[in-house]
Amino acid sequence: MILESALLDVRPGQEQDFLVAFAEARPLIAAQPGFRSLELRRCLDEGRTSRFLLQVGWDTLEDHTEGFRHSPEYARWRELLHRFYDPFPTVEHYGEPLLTA
């Protein structure tokens with residue numbers, strides 16, 4: 001399994017609208033081949049409450065980069081969510097854990 005990770009900086013004041021749009025977008029990604037899991041967490045640090053951490057588990061890197069990103073569902077995901085970000089997030093992919101505790 002690989003882990004997709006992105007810090008999502010949402011425009012201040014639009015956090016609630018983002019969460020509503022994300023709830024609509026979630027089934028689009030969850031239905032994709034190779035999708036395993038999704039977590040969206042809000043930053044608790046002072047001055048950072050417009051930041052969210054998105055982590056998505058995929059079977060393979062290609063399930064995300066080739067499958068989801070080239071699907072019709074991704075076009076709708078983009079319409080729903082990309083307008084909220086400033087700056088646009090960097091998305092990174094991580095391999096299996098090297099150490100756990």
Side-chain angles (χ1 to χ4, degrees):
M1 183 183 94
I2 66 103
L3 184 66
E4 169 197 354
S5 180
L7 286 176
L8 310 176
D9 288 309
V10 172
R11 290 184 173 92
Q14 295 187 7
E15 299 89 350
Q16 190 57 40
D17 291 339
F18 166 72
L19 290 171
V20 169
F22 199 95
E24 185 177 343
R26 189 193 59 74
L28 300 170
I29 196 170
Q32 295 301 303
F35 172 87
R36 285 200 180 184
S37 63
L38 180 147
E39 282 191 343
L40 180 68
R41 296 177 183 228
R42 191 173 196 163
C43 186
L44 301 176
D45 297 324
E46 185 176 336
R48 296 279 190 175
T49 57
S50 293
R51 176 173 277 180
F52 296 82
L53 172 63
L54 173 63
Q55 294 185 308
V56 182
W58 296 97
D59 286 338
T60 68
L61 178 63
E62 293 75 21
D63 286 330
H64 178 232
T65 59
E66 301 300 320
F68 180 52
R69 284 196 179 161
H70 291 102
S71 71
E73 292 83 4
Y74 182 72
R76 180 66 180 140
W77 172 277
R78 193 172 53 235
E79 288 174 19
L80 287 167
L81 299 175
H82 287 193
R83 62 190 166 101
F84 291 104
Y85 307 139
D86 185 25
F88 195 78
T90 299
V91 176
E92 299 177 315
H93 301 91
Y94 294 86
E96 294 293 333
L98 301 176
L99 181 66
T100 60

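Computed over heavy atoms, backbone and side chain alike; hydrogens, waters and symmetry mates excluded.
Below 30°, between 30° and 60°, or above 60°: for Phe18 and Phe52 the angle between ring planes is between 30° and 60°, a tilted geometry. Using a 30° and 60° split on the angle between ring planes, Phe88 and Tyr85 fall in the perpendicular class, above 60°.
Here the two rings, on Phe84 and Phe22, have centers that are 6.0 Å apart or farther.
To the nearest 0.5 Å, atoms CH2 (Trp77) and CD1 (Ile29) are separated by 4.0 Å. Remark: Thr60 OG1 to Glu66 CD distance equals 9.5 Å, nearest 0.5 Å. Remark: Thr49 OG1 to Arg42 CZ distance equals 5.5 Å, nearest 0.5 Å.
Side-chain atoms of Leu8 and Leu81, non-hydrogen and from C-beta on, never get closer than 4.5 Å to each other. Counting heavy atoms from C-beta on, the side chains of Val56 and Leu3 never come closer than 4.5 Å. The shortest distance between side-chain heavy atoms of Leu54 and Val91 does not fall below 4.5 Å.
More than 12 non-hydrogen atoms from other residues, nucleotides or ligands lie less than 6.0 angstrom from CZ of Arg11. Atom CZ of Arg26 has 12 or fewer heavy atoms from other residues, nucleotides or ligands within 6.0 Å.
Side-chain N or O atoms of Glu96 include one that pairs as donor or acceptor with a backbone N or O of Met1 at under 3.5 Å. A distance-only check finds a donor-acceptor pair linking the side chain of Glu15 to the backbone of Gly13 [under 3.5 Å]. For the pair Arg69 (side chain) and Tyr74 (backbone), a donor-acceptor distance under 3.5 Å is absent. For Gln32 (side chain) and Leu28 (main-chain N/O), a donor-acceptor pair under 3.5 Å exists by modelled atom type.
In terms of heavy-atom proximity, Asp9 sits nearest to Arg51 at OD1-NE, 2.7 Å. Residues Tyr94 and Ser5 approach most closely at CE1-CB, 3.9 Å, considering heavy atoms. Counting all heavy atoms, side chain and backbone alike, Pro12 lies closest to Ser50 at CA-OG, 3.6 Å. Shortest non-hydrogen contact noted between Gly34 and Asp63 is CA-OD2, 3.3 Å.
Under the 4.5 Å side-chain heavy-atom criterion for ILVMFWY residues, a single connected hydrophobic cluster contains both Leu40 and Ile2. Note on Leu19: it does not cluster hydrophobically with Leu44, by side-chain heavy-atom contacts below 4.5 Å among ILVMFWY residues. A continuous path of ILVMFWY side-chain contacts below 4.5 Å connects Leu38 to Trp58, so both sit in one hydrophobic cluster.
Partner of Phe68 under the side-chain contact (heavy atoms from CB on, under 4.5 Å) criterion, out of Glu4, Glu73, Glu62: Glu73 alone.
The side chain to side chain donor-acceptor pair (under 3.5 Å) check on His93 picks up His64, with sequence neighbours excluded.
By the 4.0 Å N-to-carboxylate-O rule, Glu79 lies close enough to Arg76 to be salt-bridged with it.
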